[in-house]
Amino acid sequence: MGKKLESSFKNMVLVLFLVTLVSSAAVGVVNSLTSGLIEKVKIEKQVQAIRAVVPAFDNDPMTEKQIVKVDGGELEFYPARANGQLVGTAIKTFTNNGFGGLIELMVGFTPDGSIYNYSVLSHKETPGLGSKMDTWFVKGAKGDITGKTPGTQGLQVSKDGGNVDAITAATISSRAFLDAVNRAAKALTESAK
C-alpha cells in the first residue's frame with residue numbers, strides 16, 4: 001500500500017493551493033472560450049435595439065457611433081440614414097434612479113426630436129410592476145410616449161403635473177424611465193446646437 005499523507009498544516013495548504021490553481025485555470029479557459037461569443041451576442045442585441053427604435057435605414061449606425069458624456073456617464077448616439085439622409089438617431093441612455101437601480105434604454109428620435117420608439121436594454125425593476133416599462137410606454141399603450149417631443153423640458157408623469165400616465169403601482173420606475181428618456185432628449189437637443 002501507498003504511504004498515507006499526514007494531515008498537517010503544510011499538506012492542507014498544498015492541497016488547497018492545487019485545488020485553487022486547477023479551478024482558476026478551468027475558469028480562465030471557459031472565459032476565453034466564451035468571451036468572444038458573449039461580445040458578439042451583446043453587439044447583435046444592440047443592433048436589433050437600434051433597428052427597433054428608428055425608421056428603416058441603409059447605413060451602419062454602429063460605425064458612426066458618437067459618445068456624449070453626461071451626468072457622470074456616457075450616452076451613445078447612433079445616427080440612422082437612408083439614402084444619405086438622417087432618418088433618426090438611436091441613443092443608448094441610462095438612469096440610476098430606478099426602484100432596482102440602473103435602467104438602460106435605447107431611445108429612437110426622428111430628426112425633428114420626437115420619440116419614434118424605445119427598447120429596454122436592462123433593468124432590475126420589480127417583476128409585474130416596474131418591469132412593465134417594456135410595453136407600457138409603446139405606441140397605443142396607456143403611457144404612450146411615441147410622437148412626443150421632450151426637448152430640454154422633458155416628459156413627466158401625470159402625478160408630477162406631466163402628461164404621461166405612470167405604470168400602475170410603479171411611479172418610481174416610471175419616473176426613472178422618463179429620466180432616461182429625458183436625458184437622451186436633452187443631449188440630442190444640445191448636440192444639435
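Everything numeric here is computed off the predicted structure, so don't read it as measured data. This chain uses plain numbering: 1 for the first residue, then up along the sequence. Side chains are part of it too, since the values below use all heavy atoms of this structure and drop only hydrogens, waters and symmetry mates.
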side-chain contact (heavy atoms from CB on, under 4.5 Å), that's the test. Do Leu75 and Arg183 meet it? Break it down for me.
CA-CA 9 Å; Leu75 301 184; Arg183 180 172 286 109; 4.0 Å; yes

For Leu129 and Phe99, run side-chain contact (heavy atoms from CB on, under 4.5 Å): C-alpha distance rounded to whole Å, both residues' side-chain angles, the deciding distance at 0.1 Å, then the answer.
CA-CA 10 Å; Leu129 294 174; Phe99 188 75; over 6 Å; no

Before giving the answer on side-chain contact (heavy atoms from CB on, under 4.5 Å), spell out for Met133 and Ile103 the whole-Å C-alpha distance, their side-chain angles and the decisive distance to 0.1 Å.
CA-CA 10 Å; Met133 74 178 77; Ile103 298 172; 3.7 Å; yes

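The existence of a salt bridge linking Glu64 and Arg81 is confirmed by a sub-4.0 Å separation between a basic side-chain nitrogen and an acidic carboxylate oxygen. The pair Asp179-Arg175 does not meet the salt-bridge criterion, since no charged nitrogen lies less than 4.0 angstrom from a carboxylate oxygen.
Proximity of a side-chain donor or acceptor of Asp71 to a complementary backbone N or O of Gly73 within less than 3.5 Å is not detected. In this structure, Ser114 contributes its side chain and Thr110 its backbone to no donor-acceptor pair below 3.5 Å. Judged by distance alone, the side chain of Thr63 and the main-chain N or O of Asp60 form a donor-acceptor pair under 3.5 Å. Between the side chain of Thr89 and the backbone N or O of Phe109 there is no donor-acceptor pair closer than 3.5 Å.
Both Val157 and Ile167 are part of a single hydrophobic cluster, where members link through side-chain heavy atoms under 4.5 Å apart. A chain of hydrophobic side-chain contacts below 4.5 Å, direct or via other Ile, Leu, Val, Met, Phe, Trp or Tyr residues, connects Ile115 to Val120. Hydrophobic clustering (side-chain heavy atoms under 4.5 Å, transitive across Ile, Leu, Val, Met, Phe, Trp, Tyr) groups Ile91 together with Leu155. Val138 and Val181 fall within a single hydrophobic cluster, where Ile, Leu, Val, Met, Phe, Trp and Tyr side chains are chained together by heavy-atom contacts under 4.5 Å. Trp136 and Leu105 fall within the same hydrophobic cluster, defined by Ile, Leu, Val, Met, Phe, Trp and Tyr side-chain heavy atoms under 4.5 Å apart, directly or through other members.
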Name every donor-acceptor pair, under 3.5 Å, that has one atom in a side chain of residues 40-53 and the other anywhere in the protein, sequence neighbours excluded.
residue : atom : partner : partner atom : Å
Lys45   : NZ   : Leu121  : O            : 3.2
Gln46   : NE2  : Glu76   : OE1          : 3.0
Gln46   : NE2  : Tyr78   : OH           : 2.4

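Ring-centre distance between Phe137 and Phe177: below the 6.0 Å cut-off.
Among all heavy-atom pairs drawn from Asp165 and Lys142, the shortest one is OD2-O, 3.4 Å. Scanning both residues, Ile145 and Leu178, for their nearest heavy atoms gives CG2-CD2, 4.2 Å. When all heavy atoms of Leu102 and Phe94 are compared, the closest pair comes out as CD1-CB, 4.1 Å. Taking all atoms of both residues into account, the shortest heavy-atom contact from Asn59 to Pro79 is ND2-O, 3.1 Å. A pairwise comparison of heavy atoms in Met106 and Ala90 identifies SD-CB, 3.9 Å as the closest pair. For the pair Tyr118 and Asp134, the tightest heavy-atom approach, listed with the atom from each and the gap, is OH-O, 3.3 Å.
Residues Glu104 and Ser122 bring a donor and an acceptor atom of their side chains to less than 3.5 Å of each other.
One finds the CG atom of Asn11 at 3.5 Å from the OG atom of Ser8 (value rounded to the nearest 0.5 Å). Rounded to the nearest 0.5 angstrom, Leu21 CG and Ser23 OG are separated by 8.5 Å. Rounding to the nearest 0.5 angstrom, the gap separating the CD atom in Glu125 from the OG atom in Ser174 is 9.0 Å.
More than 12 heavy atoms of other residues, nucleotides or ligands lie within 6.0 Å of CG in Asn31, so this atom counts as buried by the packing criterion.
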